[in-house]
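Notes for the one structure printed next.
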Protein chains: 2
Amino acid sequence: MQRYKGIVAYDGSGFSGYQIQPNGRTVQEEIEKALGKMHKGKPVSIVASGRTDAGVHAKRQVIHFDSALQLPSERWVKAVNGLLPGDISVMQVDAVSSDFHARFDASGKTYKYVVYTGSIRDPFKRHYAAHYPYKIDIAKVKKASEFLTGTHDFTSFCSAKTEMEKKVRTVTNISIEQNTDEIVFTFTGNGFLYNMVRIMVGTMLDVGTGKIELQTIPSILTGRDRTLAGKTAPAEGLYLWEVYY
Amino acid sequence: MQRYKGIVAYDGSGFSGYQIQPNGRTVQEEIEKALGKMHKGKPVSIVASGRTDAGVHAKRQVIHFDSALQLPSERWVKAVNGLLPGDISVMQVDAVSSDFHARFDASGKTYKYVVYTGSIRDPFKRHYAAHYPYKIDIAKVKKASEFLTGTHDFTSFCSAKTEMEKKVRTVTNISIEQNTDEIVFTFTGNGFLYNMVRIMVGTMLDVGTGKIELQTIPSILTGRDRTLAGKTAPAEGLYLWEVYY
């Protein structure tokens, strides 16, 4: 058996999320179905760098799987994409050492979050950006991002349902670009808790509109209480952009 | 009654086209439904600058309709968008003189056509660009566009089913931009026959790959025979961009 590392892009708008579940279409299920067909019906399990929620997109999700097939990347890409639905695409498949693990070996990730700030809704963006048609003080948003950058206990910035005990993470960089009618946030860090990016965005946008005072961000962090932070920004603006090993 | 001119954007991927038909979801039907609700169930008919096919998008389609309501543009936009599905958005609604006609008064149109040339399919572009992963000689494509610009009988470049008798049209400008993995065609003219933009794109791409000889374009035009030109490029790359009055 050979272990393979795959890079996968998907449009999350038609999925109930990455991970297989009893009801609803999932990315994992579609990829495993396609790989199963390539292996004459023999089931092939895949492991991803992490799950993504319903509506969340991925530009370069990383998976691993084992196969008895020996194929170069281009052949894998052609064969698997020929069996996958149009909203998932395998970009690359490389042979890796048998101990490579897409989830445990990930040393960091980059996420992007796209906010559409135009006053009138745009049908072409409804699945690909969060619509936030409010006046935003971008300088304040950038200041807020500085408070969030670094090593912190992010308990206030993850879903209250998160069962992971250790909630300290390092966000190495948050960059914010504003175009005519868009704000694009880019987050890089060693790991992100459940909903963490979306809660950071929701909170920073609240700072930008004045709903949350900029100066309270440090106390929101130290308060370690989800109810202190802003709303969870919607799924459609979020993209898993890159996974580092 | 007041006549209104509306600007409408729609993502064509979920529609069987613009025009109402017995089966399938249409843009016209959705807008007339929304306007009907605004008028307490009294039917409101709309007239567009022209129809678009299934899968074809519009950034600024123009419609007109008559209403007893007197509202400023922002109020129309808010009210109608609140009743429309997410894949249609009204951008502007202005009172116009009672003899304005969205179709008969149109003096010209701009269409864009987006081609994605990357070798691996992109799930985010599947509904918004035509995938054409072939080596294209862009200089030849540009030369072909020069042959097509101007006043010609476009019989060879419209669906053989077209029943309009006069097939002379003036294409005032074709511009072609190539980015990393995209080619964007912009066509402006006084009018376009059924499928004309898509057949021009299909033919120019065939010139770019060498399937059709550049020098044959003038004789394809003078031959006035649909079978001489290239294939009709797919609907998903086409955008009605602007209508002029």
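So you know, we letter chains A, B, ... as the sequences are listed, proteins then strands, and number each from 1. Basis for what follows: all heavy atoms, side chains included, without hydrogens, waters or symmetry-related copies.
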* To do: Please flag which part of A:Arg121 lies under 4.5 Å from any non-hydrogen atom of chain B: side chain, backbone, both or neither.
  => both

* To do: Can you check whether anything in residues 59-80 of chain B gets within less than 4.5 Å of chain A, heavy-atom wise, and list it by number?
  => B:Lys59, B:Val77

* **Partner of A:Ile120 under side-chain contact (heavy atoms from CB on, under 4.5 Å), chosen from B:Ile7, B:Asn81, B:Val90** => B:Asn81

* Please determine if B:Arg126 and B:Glu236 form a salt bridge, counting it only when a charged side-chain N lies under 4.0 Å from a carboxylate O. => no

* chain B contacts, top residue of A:Pro85, A:Ser89, A:Pro123 (heavy-atom pairs, under 4.5 Å) -> A:Pro123

* Any donor-acceptor N or O pair under 3.5 Å, side chains B:Glu182, B:Gln178 -> no

* Note: A:Asp105-A:Lys5 ion pair, threshold 4.0 Å (strictly below) -> no

* Asked: Can you list the steps and then say if A:Lys140 with A:Met204 is a side-chain contact (heavy atoms from CB on, under 4.5 Å)?
  -> CA-CA 8 Å; A:Lys140 276 193 183 171; A:Met204 285 191 275; over 6 Å; no

* Using only heavy-atom distances, determine whether the side chains of A:Tyr128 and A:Asp11 contain a donor-acceptor pair under 3.5 Å. => yes

* Could you walk me through whether A:Ile88 and A:Val27 pass side-chain contact (heavy atoms from CB on, under 4.5 Å), step by step? => CA-CA 7 Å; A:Ile88 309 180; A:Val27 177; 4.0 Å; yes

